[in-house]
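Below, chains carry the letters A, B, ... as their sequence lines are ordered, and counting in each starts from 1.
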Number of protein chains: 2
Amino acid sequence: MTIEKGYTTTLSVDGVTIDRRDIEMLEAIDDHGSMHSAADELGRSYARLQNRIVEIEDAVGPVTERRRGGRGGGGTVLTQNARDLRRRFDRHAAELNGVARVTESVISGTVRDRTGELATVETTVGSILALVPEDASEVQVSIRSDAVVLTDPDETPRGDDTSLRNRFSGTIVEVESGDAIDRVVVRLGDGATLQALVTRASAERLGLEAGRSIMASFKATAARGIGVDSRSES
Amino acid sequence: MTIEKGYTTTLSVDGVTIDRRDIEMLEAIDDHGSMHSAADELGRSYARLQNRIVEIEDAVGPVTERRRGGRGGGGTVLTQNARDLRRRFDRHAAELNGVARVTESVISGTVRDRTGELATVETTVGSILALVPEDASEVQVSIRSDAVVLTDPDETPRGDDTSLRNRFSGTIVEVESGDAIDRVVVRLGDGATLQALVTRASAERLGLEAGRSIMASFKATAARGIGVDSRSES
DNA sequence: CGGCGTTGTATCGACATAGATACTACGATA
DNA sequence: TATCGTAGTATCTATGTCGATACAACGCCG
């Protein structure tokens with residue numbers, strides 16, 4: 001039984017929620033120059049599609065310029081507004097896609113101190129500065145592997161001059177080579193591990209391989225805590 | 001007109017898709033100890049709710065232990081399976097929530113070189129190493145503000161010993177103070193700006209304020225390019 | 001002028017989802 | 001044993017979404 005993380009991307013503007021279907025509709029209109037052919041290609045009914053366009057325009061403003069008349073006389077073209085919307089959606093989707101694909105490391109701990117959203121979480125591997133939005137004392141801190149920076153421990157005696165607030169030394173347990181990206185698993189101590197995504201070039205430059213000791217850092221703003229109520233303890 | 005980024009979180013297991021509603025259902029059952037009271041609290045019909053439980057269990061395995069009999073005799077309690085599912089969902093939701101809330105910086109450029117997912121993107125502020133999944137030559141590179149590391153330019157002559165592949169010098173344009181987190185806008189040159197989220201403590205330590213020159217770095221794996229076809233040019 | 005392919009609008013029906021209702025089975029407790 | 005509050009099941013109905021269909025308005029083009 002494998003559990004797959006999923007999501008749907010949306011943009012909300014003034015009440016209406018634009019989803020992927022809407023964006024595909026705009027793309028099809030852009031490709032074919034008319035709502036009718038767009039509806040045909042998408043296998044949708046023209047009536048619904050046209051209604052949806054009007055619905056969107058009521059909220060977003062004009063996304064199309066529509067002219068009646070056939071045989072070269074009429075048609076529909078997108079406005080810049082629509083193109084902006086589309087790009088915005090694509091960016092948002094790409095970001096979410098990144099999150100869904102990237103592995104995350106989870107470390108449990110208890111909140112020691114907090115000022116606003118920022119909290120100090122005490123864990124078995126040490127204190128972690130993280131964002132924990134909810135009011136919780138027992139938390140799981142989740143760190144996305146694309147936010148973990150690896151540095152050579154020999155050449156970085158300091159750490160006061162960056163905004164990287166969380167720094168841990170560990171040893172590399174595993175290096176999984178990908179296409180151009182390697183996934184590195186770092187054991188921090190006490191069994192807790194941290195995964196990092198690094199480019200192949202960085203991996204070679206740092207000489208990353210199993211057994212090497214390494215420094216793993218990540219920003220407090222990239223670490224997120226999720227409250228765990230006592231009931232849910234394993 | 002403000003556009004709000006949105007998303008819906010789901011977990012897919014063996015055909016069924018568990019959404020927030022399902023998780024809330026599990027929480028309500030956990031709180032009240034019976035499906036009936038859970039249905040009452042949620043304003044849902046018992047029949048549907050019970051059906052949904054069975055549906056989920058067909059795919060996920062047992063998430064409840066249900067016993068008939070009233071007045072202390074019966075009731076429903078969650079299994080560890082359900083608690084794991086719930087926590088997993090919460091983590092996933094928290095990650096996505098982070099993405100939706102965090103601002104991003106966008107820099108346009110053209111792909112120069114690529115090996116697999118990794119590409120060198122030529123922009124007005126210099127080359128950026130980024131992940132660009134699709135086959136595109138004109139891209140927009142999007143960098144989440146929680147992935148940008150700020151460092152003091154005077155004290156960081158190096159750059160070879162970390163996995164931070166993208167480093168740019170710039171000047172701070174704006175510092176917006178939040179609760180415990182500050183949002184810093186850095187001008188890289190040519191009008192392109194990069195936003196960074198840093199803790200208040202880091203901001204003070206680095207002496208971040210408008211006009212200060214600063215080094216902004218981010219990992220290649222945290223920079224994502226989205227293809228822009230020629231039509232959509234502004 | 002007639003035809004064709006558009007936009008625009010209204011209505012009907014298919015379908016899926018979920019609430020409403022009713023009834024059975026069950027088990028601890030008063 | 002009667003009661004009460006559970007679980008389990010079946011059926012009907014409301015609702016919302018979308019496709020299907022039909023038709024009017026429009027405008028270029030042959």
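- With sequence neighbours excluded, the residues forming a salt bridge (Lys or Arg N to Asp or Glu O under 4.0 Å) with Glu122(B) are Arg112(B), listed by chain and number.
- The distance between atom CD of Glu55(A) and atom C1' of dG8(C), rounded to the nearest whole Å, is 15 Å.
- For residues 35-47 of chain A, no residue pair satisfies the salt bridge (charged side-chain N to carboxylate O under 4.0 Å, His left out) rule, not counting sequence neighbours.
- Among residues at least two apart or in separate chains, salt bridge (charged side-chain N to carboxylate O under 4.0 Å, His left out) pairs with a member in residues 63-80 of chain A are Glu57(A)-Arg66(A).
- The interatomic distance linking Leu49(B) (CG) with dA20(C) (P) rounds to 13 Å, in whole Å.
- Rounded to whole angstrom, the span from the CD atom of Gln50(A) across to the C1' atom of dA25(D) amounts to 13 Å.
- A 6.0 Å sphere centred on CD of Glu174(B) holds more than 12 heavy atoms belonging to other residues, nucleotides or ligands.
- Applying the salt bridge (Lys or Arg N to Asp or Glu O under 4.0 Å) criterion to Arg88(B), with sequence neighbours excluded, gives no partner residue.
- Distance Arg66(A) CZ to dG5(C) C1': 17 Å, rounded to the nearest Å.
- For the salt bridge (Lys or Arg N to Asp or Glu O under 4.0 Å) test, residues two or more places apart in sequence or in another chain that qualify with Asp22(B) are Arg52(B).
- As a whole-Å value, the separation of Asn51(B) CG from dA16(C) C1' is 14 Å.
- With hydrogens and angles disregarded, a donor-acceptor distance shorter than 3.5 Å links the side chain of Asn166(B) to the backbone of Leu129(B).
- Closest to the side chain of Met35(B), from the set dG8(D), dG19(D), dT6(D), is dG8(D).
- Distance from the side chain of Arg48(B) is smallest to dT17(C) among dA7(D), dT17(C), dT6(C).
- Atom CE in Met25(B) sits about 13 Å away from atom C1' in dA18(C), given to the nearest Å.
- Among the protein residues, Arg21(A) comes within range of the sugar-phosphate backbone only, with heavy atoms under 4.0 Å from sugar or phosphate atoms but none that close to a base.
- The separation between His36(A) atom NE2 and dA20(D) atom C1' is 12 Å, rounded to whole Å.
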key: Nucleotide-resolved protein contact map, nucleotides 21-30 of chain C, B/S/- at heavy-atom distance under 4.0 Å   = B---BBBSS-

Listing time: all N or O pairs from protein to nucleotides 12-14 of chain C that are below 3.5 Å?
none

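- By the salt bridge (Lys or Arg N to Asp or Glu O under 4.0 Å) test, Asp182(A) pairs with Arg200(A), sequence neighbours left out.
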Show me the donor-acceptor pairs, under 3.5 Å and distance only, between side chains in residues 98-106 of chain B and residues at least two apart or in other chains.
{"from": "Arg101(B)", "atom 1": "NH2", "to": "Glu117(A)", "atom 2": "OE2", "distance (Å)": "2.8"}
{"from": "Thr103(B)", "atom 1": "OG1", "to": "Ser145(B)", "atom 2": "OG", "distance (Å)": "3.1"}
{"from": "Thr103(B)", "atom 1": "OG1", "to": "Gln195(B)", "atom 2": "OE1", "distance (Å)": "2.6"}
{"from": "Glu104(B)", "atom 1": "OE2", "to": "Arg91(A)", "atom 2": "NE", "distance (Å)": "3.0"}
{"from": "Ser105(B)", "atom 1": "OG", "to": "Gln195(B)", "atom 2": "N", "distance (Å)": "2.7"}

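- At whole-Å resolution of the value, CG in Asp19(B) and P in dA18(C) are 9 Å apart.
- Between Thr76(A) and the phosphate of dT6(C), there is no side-chain N or O to OP1/OP2 separation shorter than 4.0 Å.
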